Asks: 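Following this message is one structure expressed as structure tokens.
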Amino acid sequence: MRSGYIAVIGRANAGKSTLINVLVGEKVSIVSPKPQTTRDRILGVLTEDDYQLVFVDTPGIYKARNALTDMMMKTTEQSAKEVDFILYVLDGHDGVKDEEFEVIEKYKALGIPMAVAYTKIDIMPKENIPLDMAKFSDSGIDLDIFPVSARKGKNIRALKEFLIKQMPEGEMLFSEDVVSDKGERFMISEIMREKILLKFDKEIPHGIAIVINTFERNANGVYEINLDIVCERANHKAILIGKQGRAIKEVSSFARQDMEKFLGAKVFLTTYVKVKEDWRDRPNLIKQYGYEDLKE
Ligand SMILES: Nc1nc2c(ncn2[C@@H]2O[C@H](COP(=O)(O)OP(=O)(O)O)[C@@H](O)[C@H]2O)c(=O)[nH]1
Ligand SMILES: [Mg+2]
């Protein structure tokens, strides 16, 4: 069979996680319109009789600004070096900028086979596609480019078939029932974070960490989940809770519904908002909240 690792790299918000979810056919990585949605390296696994594709979702490319984004950037760079293939995701809707070519060149220099997914073609004028393709050939970067829409499922099949052909012959890397390397607890905290990303603006969602205190299934089959939403400032806490607790009630309710879908069972969710000043600049807290440098 053909099997291998494919690092999915690109700028924040390019559409990497959405593309992986649609390629894998299941949600393995949360998605939002805000940068810094993905913080960890997440593996999404697609297995069929004659191939296994292991997508490596990455936090994206950032200009480091605090200890957390610094670590996220390192995670991206480290992930790119350990794979059989690099899929560079480019937001077509945003347009191809010259600085993007520099980034692509940098990854190309790693010497790992690479291609480009030019995504979000569903929300851009069609005539821009050939113009951007011309920009690519002018730049002298010689890579296969796949215009796709993850949201509309356009050209995804062609991209998948291409990727399968790029994989080396080898063994299965994960057993066939595995879709992600992350467990249920991780996904539960990510679902909570996703709802906060969707509801709140600016620095609030970026300064959130989720700590799961209880994750248990009771005798009636109901999951009892108790978690802390850690934020960076007292005024963030007030906004997160909202007037008469309305904001926190609303996000918790959306999160609970998604958790129930994910777990396939009823969920009893309790959430608390806590403050840890500037945790994103404190490596020991970053670690405590589950974010770690990739060592190997
Ligand atoms: N219209 C459209 N939006 C997309 C597509 N792919 C991703 N998005 C949106 O772009 C935003 C960022 O997506 P995400 O996958 O989180 O990007 P990432 O930061 O690169 O992982 C989200 O609001 C997505 O819904 C696409 O193919 N079409
Ligand atoms: Mg992402």
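Side chains are part of it too, since the values below use all heavy atoms of this structure and drop only hydrogens, waters and symmetry mates. Both counts, for ligands and for their atoms, begin at 1 and track the order of listing. This structure is a prediction, so every number in the text was calculated from the model and none was measured.
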Asks: So which heavy atom in the protein is nearest atom 8 (N) of ligand 1, and how far is it from that ligand atom?
Replies: Lys120 CE, 3.7 Å
Asks: Can you report which non-hydrogen protein atom sits closest to atom 25 (O) of ligand 1, along with the distance?
Replies: Arg151 NH2, 2.9 Å
Asks: Looking at Phe174, is its backbone amide N or carbonyl O close enough to the side chain of Gln52 to form a donor-acceptor pair, meaning the two atoms are under 3.5 Å apart?
Replies: yes
Asks: Identify the protein heavy atom lying closest to atom 27 (O) of ligand 1, giving its residue, its atom name and the separation to 0.1 Å.
Replies: Ala150 N, 2.9 Å
Asks: Assess Asp122 for proximity to ligand 1: is some non-hydrogen atom of it under 4.0 Å away?
Replies: yes
Asks: For Arg41, which of Thr76, Thr75, Asp57 qualifies under side chain to side chain contact (heavy atoms under 4.5 Å, CB included)?
Replies: Thr75
Asks: Which atoms of ligand 1 are found less than 4.0 Å from any heavy atom of Ser17?
Replies: 15 (O), 21 (O)
Asks: Check ligand 1 against Ile123 and write out every atom of the ligand that is under 4.0 Å from a heavy-atom position of the residue.
Replies: 1 (N)
Asks: Applying the side chain to side chain contact (heavy atoms under 4.5 Å, CB included) test to Pro147, which of Ile129, Asn128, Leu159 qualifies?
Replies: Ile129
Asks: From the Mg ion (ligand 2) out to just under 2.8 Å, does an N/O/S atom of Ser17 turn up?
Replies: yes
Asks: Taking 2.8 Å as the cut-off, does Thr58 contribute an N, O or S atom near the Mg ion (ligand 2), distance below it?
Replies: no
Asks: Strictly by modelled atom types, are Tyr51 and Arg2 linked by a side-chain donor-acceptor pair under 3.5 Å?
Replies: no
Asks: Assign the ring pair Tyr223 / Phe215 to parallel, tilted or perpendicular, where the plane angle (0 to 90°) is split at 30° and 60°.
Replies: tilted
Asks: Identify the residue among Ile20, Leu53, Val56 that makes a side chain to side chain contact (heavy atoms under 4.5 Å, CB included) with Ile6.
Replies: Leu53
Asks: Among protein heavy atoms, which sits nearest to atom 17 (O) of ligand 1, and what does the distance come to when rounded to 0.1 Å?
Replies: Gly15 N, 3.1 Å
Asks: Below 4.0 angstrom, N of the basic side chain to O of the carboxylate: do Lys106 and Glu102 qualify?
Replies: no
Asks: Determine, for Lys27 against Glu194, whether the closest basic-nitrogen to carboxylate-oxygen distance falls under 4.0 angstrom.
Replies: yes
Asks: Provide, to 0.1 Å, the distance between atom 14 (P) of ligand 1 and the closest protein heavy atom, together with that atom's residue and name.
Replies: Thr18 OG1, 3.6 Å
Asks: Within a distance under 4.0 Å of any heavy atom of Thr119, pick out the atoms of ligand 1 and give their elements.
Replies: 27 (O)
Asks: Would Ser149 count as a contact of ligand 1 if the rule is a heavy atom under 4.0 Å away?
Replies: yes
Asks: Nearest protein heavy atom to atom 19 (O) of ligand 1, by residue and atom, and its distance?
Replies: Asn13 N, 2.8 Å
Asks: Before signing off on this row, confirm whether Asp57 and ligand 1 have an N or O atom pair separated by under 3.5 Å.
Replies: no
Asks: If the test is side chain to side chain contact (heavy atoms under 4.5 Å, CB included), which one of Ile104, Val8, Ile112 qualifies with Ile86?
Replies: Ile112
Asks: Using a strict threshold of under 4.0 Å (side-chain N to carboxylate O), is an ion pair present between Lys165 and Glu161?
Replies: no
Asks: Would you say ligand 1 has an N or O under 3.5 Å from any N or O of Val148?
Replies: no
Asks: Specify the protein heavy atom at minimum distance from atom 24 (C) of ligand 1: its residue, its atom name, and the distance to 0.1 Å.
Replies: Val31 CG1, 3.6 Å
Asks: So which atom in Ile239 and which in Ala247 form the shortest heavy-atom distance, rounded to 0.1 Å?
Replies: O-CB, 3.8 Å
Asks: Any idea which protein heavy atom is nearest atom 11 (C) of ligand 1, and the distance to it?
Replies: Ser32 O, 3.6 Å
